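Here's the structure we're looking at; comments come further down.
These numbers were taken from a predicted model, which means no experiment stands behind them. Whatever order the structure lists them in is the order used to number ligands and atoms, beginning at 1. In this chain, numbering begins with 1 at the start of the sequence shown.
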Amino acid sequence: MLSIQNLHVSYGPIKVLKGVSLHIDQGEIVALIGANGAGKTTLMSTISGLLRPQSGEIKFEGQDIIKFPPDKIVKLGISLVPEGRQIFAPLTVLENLELGAYLRSKDKKGIKEDLDKIFSIFPKLKERKNQQAGTLSGGEQQMLAIARAFMARPRLLLLDEPSLGLAPMVLELIMDSILELNKEGLTILIVEQNAIKALEISTRGYVLETGRIILQGSSNELKEDPDVIRAYLGKDYEEITER
Ligand SMILES: Nc1ncnc2c1ncn2[C@@H]1O[C@H](COP(=O)(O)OP(=O)(O)OP(=O)(O)O)[C@@H](O)[C@H]1O
Ligand SMILES: [Mg+2]
């Protein structure tokens, strides 16, 4: 579905992505893990058309999208949930969701169907649909950010750190809803600092280190890789698996 070849991205003179290649098949959840500053957000922004790469190739369903503007990429079926849940605080929950569907605002029936779907996956959002989005809790705002991206009816959803700053209970809720969206047919690329969680819900993963993919494999393999455990899963995880 998505294929990236030898992607190079810089901010001025600073090279951030140094030849990244990866692919995502239809129906997959793919995890991208890596330390702060590795270039994960840069990769997500580049796929979304917000940054122009120096070189490389990005193909979505066989089509070269590297020069496409962000709105055209959304129209093709790729939606980004950016880091830091950028919802429209003064608008209500419902208005935020409707804005997510603005590129297909004439499709009243489809929008209604998708709202029903969203409200069944996120009952909290239904309860609070007339509440001002800025007054939602952090976890509810993250749910809204994911739901708003879903309203564009994407086929590929890019999630940049959905668990950032969330309590463990809310994190579970978000992860469950991501799995549910995947069951609805959505293909997902998820960037996560919480590598354990990301590898639990994904089928495959990539490890990005200072702009290069240094490891890739099935999520089960990665969970057992000594380097991944040391660098990303931490000592606690090692102790759990030794027991
Ligand atoms: N607009 C920018 N101008 C210059 N440098 C930038 C810009 N945005 C990001 N960078 C730099 O690019 C590198 C990669 O940043 P990026 O945000 O992609 O990392 P990340 O892997 O998403 O990190 P985190 O886990 O902290 O979100 C960092 O060193 C960062 O300082
Ligand atoms: Mg980031």
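At the shortest separation from atom 16 (P) of ligand 1 among protein heavy atoms lies T42 OG1, 3.6 Å. Atom 26 (O) of ligand 1 has as its closest protein heavy atom N36 ND2, 2.9 Å. Here the heavy atom of the protein found nearest to atom 6 (C) of ligand 1 is Y11 CD1, 3.2 Å. The nearest heavy-atom contact from the protein to atom 27 (O) of ligand 1 is E83 OE2, 2.8 Å. If you check which protein heavy atom lies closest to atom 29 (O) of ligand 1, you get G37 O, 4.1 Å. At the shortest separation from atom 17 (O) of ligand 1 among protein heavy atoms lies T41 CB, 3.6 Å. The protein heavy-atom contact nearest to atom 25 (O) of ligand 1 is K40 NZ, 2.7 Å.
In this structure, A152 and V74 approach most closely via the heavy-atom pair CB-CG1, 4.1 Å. When every heavy atom of I58 is checked against every heavy atom of I47, the shortest pair comes out as CD1-CA, 4.2 Å. Scanning both residues, S21 and N6, for their nearest heavy atoms gives OG-N, 2.9 Å. The two atoms that bring Q193 and N36 nearest to each other are NE2-ND2, 3.3 Å, heavy atoms only. L17 approaches G39 most closely through the heavy-atom pair CD2-O, 3.6 Å.
Side-chain contact between R153 and D114: present, with at least one pair of heavy atoms (C-beta onward) separated by less than 4.5 Å. Two residues are said to be in side-chain contact when any heavy atoms from C-beta on lie closer than 4.5 Å; I190 and P162 meet this criterion. Side-chain contact check for S219 versus E200: every heavy-atom pair is 4.5 Å or farther apart.
Looking at ligand 1, you'll find an N or O of A38 within less than 3.5 Å of one of its N or O atoms. Considering backbone and side-chain N/O atoms, V16 never comes within less than 3.5 Å of an N/O atom of ligand 1.
Among protein atoms, those of element N, O or S found less than 2.8 Å away from the Mg ion (ligand 2) are T41 OG1, E83 OE1.
A heavy-atom separation below 4.0 Å is not found between G12 and ligand 1. Residue contacts with ligand 1: M44 is excluded, as none of its non-hydrogen atoms falls under 4.0 Å. Look at G39 and you'll find a heavy atom under 4.0 Å from some atom of ligand 1.
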Quiz item: Can you check side chain to side chain contact (heavy atoms under 4.5 Å, CB included) on L7 and T46, steps first, answer last?
Solution: CA-CA 9 Å; L7 195 68; T46 309; 4.0 Å; yes
Self-check item: Full working for salt bridge (Lys or Arg N to Asp or Glu O under 4.0 Å) between D71 and K75
Solution: CA-CA 6 Å; D71 61 323; K75 260 191 192 147; 5.3 Å; no
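Using a 4.0 Å threshold on non-hydrogen atoms, atom 31 (O) of ligand 1 does not count as touching the protein.
Of the charged side-chain nitrogens involved, none lies within less than 4.0 Å of a carboxylate oxygen, so that K40 and E83 do not count as a salt-bridged pair. Note on E28 versus R204: salt bridge recorded, some NZ/NE/NH1/NH2 to OD/OE distance being below 4.0 Å.
Of all atoms in ligand 1, listed by their number and element, those nearer than 4.0 Å to a heavy atom of A35 are 21 (O). Taking every non-hydrogen atom of E161 and a distance limit under 4.0 Å, the qualifying atoms of ligand 1 come out as 25 (O), 27 (O). Of all atoms in ligand 1, numbered sequentially from 1 with element shown, those under 4.0 Å from a heavy atom of Q193 are 25 (O).
The closest donor-acceptor contact from the side chain of Q54 to the backbone of S10 lies under 3.5 Å.
Residue K126 qualifies as open at atom NZ: its count of foreign heavy atoms under 6.0 Å is 12 or below.
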